[in-house]
K.L.:
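Encoded as structure tokens, here's the structure I'll be asking about.
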Amino acid sequence: MIRILLLCLLVAPVVGASEREKTVVRALMLSEHPDGDTHRVYVKGQVVTTLRFEKAVDADRTKLLGWEGRLEPLAVVRNKVILEPTHDLNEEEGVPLVVTLVDGTEVPFLLRPPGWEKQGLPDQQVDVFKNREGYAAMHAALRRALQENSSLTKENQRYREEETSEDHALAALLAAGAVAQTPFMIASRINGEDGDTKLKATLFRGKGKAAVVLTIRNLSLKQAWSMKSARLLSVSSGRESAVAVRSTRPSIAPGESGVVAFVADRSAFVEDGKLTSVFLEFYRQDGLRQAVVQLDPDLVAQ
């Protein structure tokens, strides 16, 4: 039997464990003329964000403006400013913050909700540097450069592997609608809607492979939709396996539609020498889990 669990039909999407555990630390270098710059800090409801400065903060001259009912009272601990919104800010909402250091330096900030460009992740710690030549600032800049280089290296390696992957080639054909050029046959279809996303899921069975093709219509009036990540997990043990993903476009504008195709190899269904069911789950741009599709062994029993 084939069962599809579209969480958008059943419950509100939830943040995956890996996203909750992820700590976002960002370094911010102040301009030589800070009076002209208002620096954005991305905050989320009931998540603590800490601003960390090189010098101590003057608590009496550090103020939130118009924060009542939206944030917990401001806390200053030596060189740190601690923020915690009581709930998520609206898309257009911004809360001004002015931090004054003990040497009289004023640094303006604007607290904003993390949008698609931040993939829904708030700043959990922002290290603010005024002295660009200082050791801490240089170390933070080097660390950021190394992290970016590591991410680019991994991404390039992934692209090279995908170029020669049979599963990715099949996923590309499915996303393009060229089902006749693949070994797959339709097994089941289901539709769903969660308020701002409409989904049409088609499951395919093939020779030692299974596939899912999602047609996604973005019903939001303002927010573009994109897929952040996807995982293929064993139902019995939670073991994660590789899944090939291809889409017709990197993001789906409000009111438009796009297609995302997934291909899983039979090996993902084998555990302790026996075939078992797997969950395909995928997350959208803000880190929320959009849906879960259960794939049963009969899809790859051939």
K.L.:
List, by chain and number, the other hydrophobic cluster members for V102, where Ile, Leu, Val, Met, Phe, Trp and Tyr join if side-chain heavy atoms come within less than 4.5 Å, directly or indirectly.
P.N.:
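So far as hydrophobic clustering goes, V102 is joined with none.
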K.L.:
Excluding sequence neighbours, so at least two apart, what forms side-chain contact (heavy atoms from CB on, under 4.5 Å) with R249?
P.N.:
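Per chain and number, R249 pairs via side-chain contact (heavy atoms from CB on, under 4.5 Å) with I252, E256.
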K.L.:
State which residues pass side-chain contact (heavy atoms from CB on, under 4.5 Å) with V179; sequence neighbours excluded, sorted by chain then number.
P.N.:
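Residues passing side-chain contact (heavy atoms from CB on, under 4.5 Å) with V179: L174, T182, F204.
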K.L.:
Using the test salt bridge (Lys or Arg N to Asp or Glu O under 4.0 Å), find all partners of R70 that sit at least two apart in sequence or belong to another chain.
P.N.:
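Once residues adjacent in sequence are excluded, the partners of R70 under the salt bridge (Lys or Arg N to Asp or Glu O under 4.0 Å) criterion are E93.
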K.L.:
Could you name each residue pair satisfying ring-ring contact (aromatic ring centres under 6.0 Å, His included) that touches residues 250-276, not counting sequence neighbours?
P.N.:
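Only F262-F282 qualify under ring-ring contact (aromatic ring centres under 6.0 Å, His included).
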K.L.:
Please name all residues satisfying side-chain contact (heavy atoms from CB on, under 4.5 Å) with S234, sequence neighbours left out, ordered by chain then number.
P.N.:
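Scan of S234 (side-chain contact (heavy atoms from CB on, under 4.5 Å), adjacent residues dropped) gives S236, S237, R239, E271, T276.
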K.L.:
Please give the remaining members of the hydrophobic cluster of L221, linking ILVMFWY side chains under 4.5 Å, ordered by chain and number.
P.N.:
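Reading the cluster by chain and number, L221 sits alone, since nothing else belongs.
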K.L.:
Applying side-chain hydrogen bond (donor to acceptor under 3.5 Å, both in side chains), name anything that partners D265, two or more places apart in sequence or on another chain.
P.N.:
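D265 satisfies side-chain hydrogen bond (donor to acceptor under 3.5 Å, both in side chains) with K209, S267 only.
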K.L.:
Using the side-chain hydrogen bond (donor to acceptor under 3.5 Å, both in side chains) criterion, which residues pair with S220? Sequence neighbours excluded.
P.N.:
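Counting only residues at least two positions away or on another chain, S220 forms no side-chain hydrogen bond (donor to acceptor under 3.5 Å, both in side chains).
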K.L.:
For the atom pair CZ (R284) and CD (Q223), what is the distance rounded to the nearest 0.5 Å?
P.N.:
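Answer for the CZ-CD pair, R284 versus Q223, is 8.0 Å.
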K.L.:
For E281, check side-chain hydrogen bond (donor to acceptor under 3.5 Å, both in side chains) against everything at least two apart and list the hits.
P.N.:
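Once residues adjacent in sequence are excluded, the partners of E281 under the side-chain hydrogen bond (donor to acceptor under 3.5 Å, both in side chains) criterion are R231, Y283, R289.
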K.L.:
When rounded to the nearest 0.5 angstrom, what is the spacing between CG in L71 and CG in L111?
P.N.:
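Reported value, rounded in 0.5 Å steps: 6.0 Å.
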K.L.:
Taking distance alone, no hydrogens or angles, what donor-acceptor pairs closer than 3.5 Å link side-chain atoms of residues 72-79 to residues at least two apart or in another chain?
P.N.:
| from | atom 1 | to | atom 2 | distance (Å) |
| --- | --- | --- | --- | --- |
| N79 | ND2 | F53 | O | 2.7 |

K.L.:
Can you name the residues that form a side-chain hydrogen bond (donor to acceptor under 3.5 Å, both in side chains) with E91, not counting sequence neighbours?
P.N.:
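Once residues adjacent in sequence are excluded, E91 has no partner under the side-chain hydrogen bond (donor to acceptor under 3.5 Å, both in side chains) criterion.
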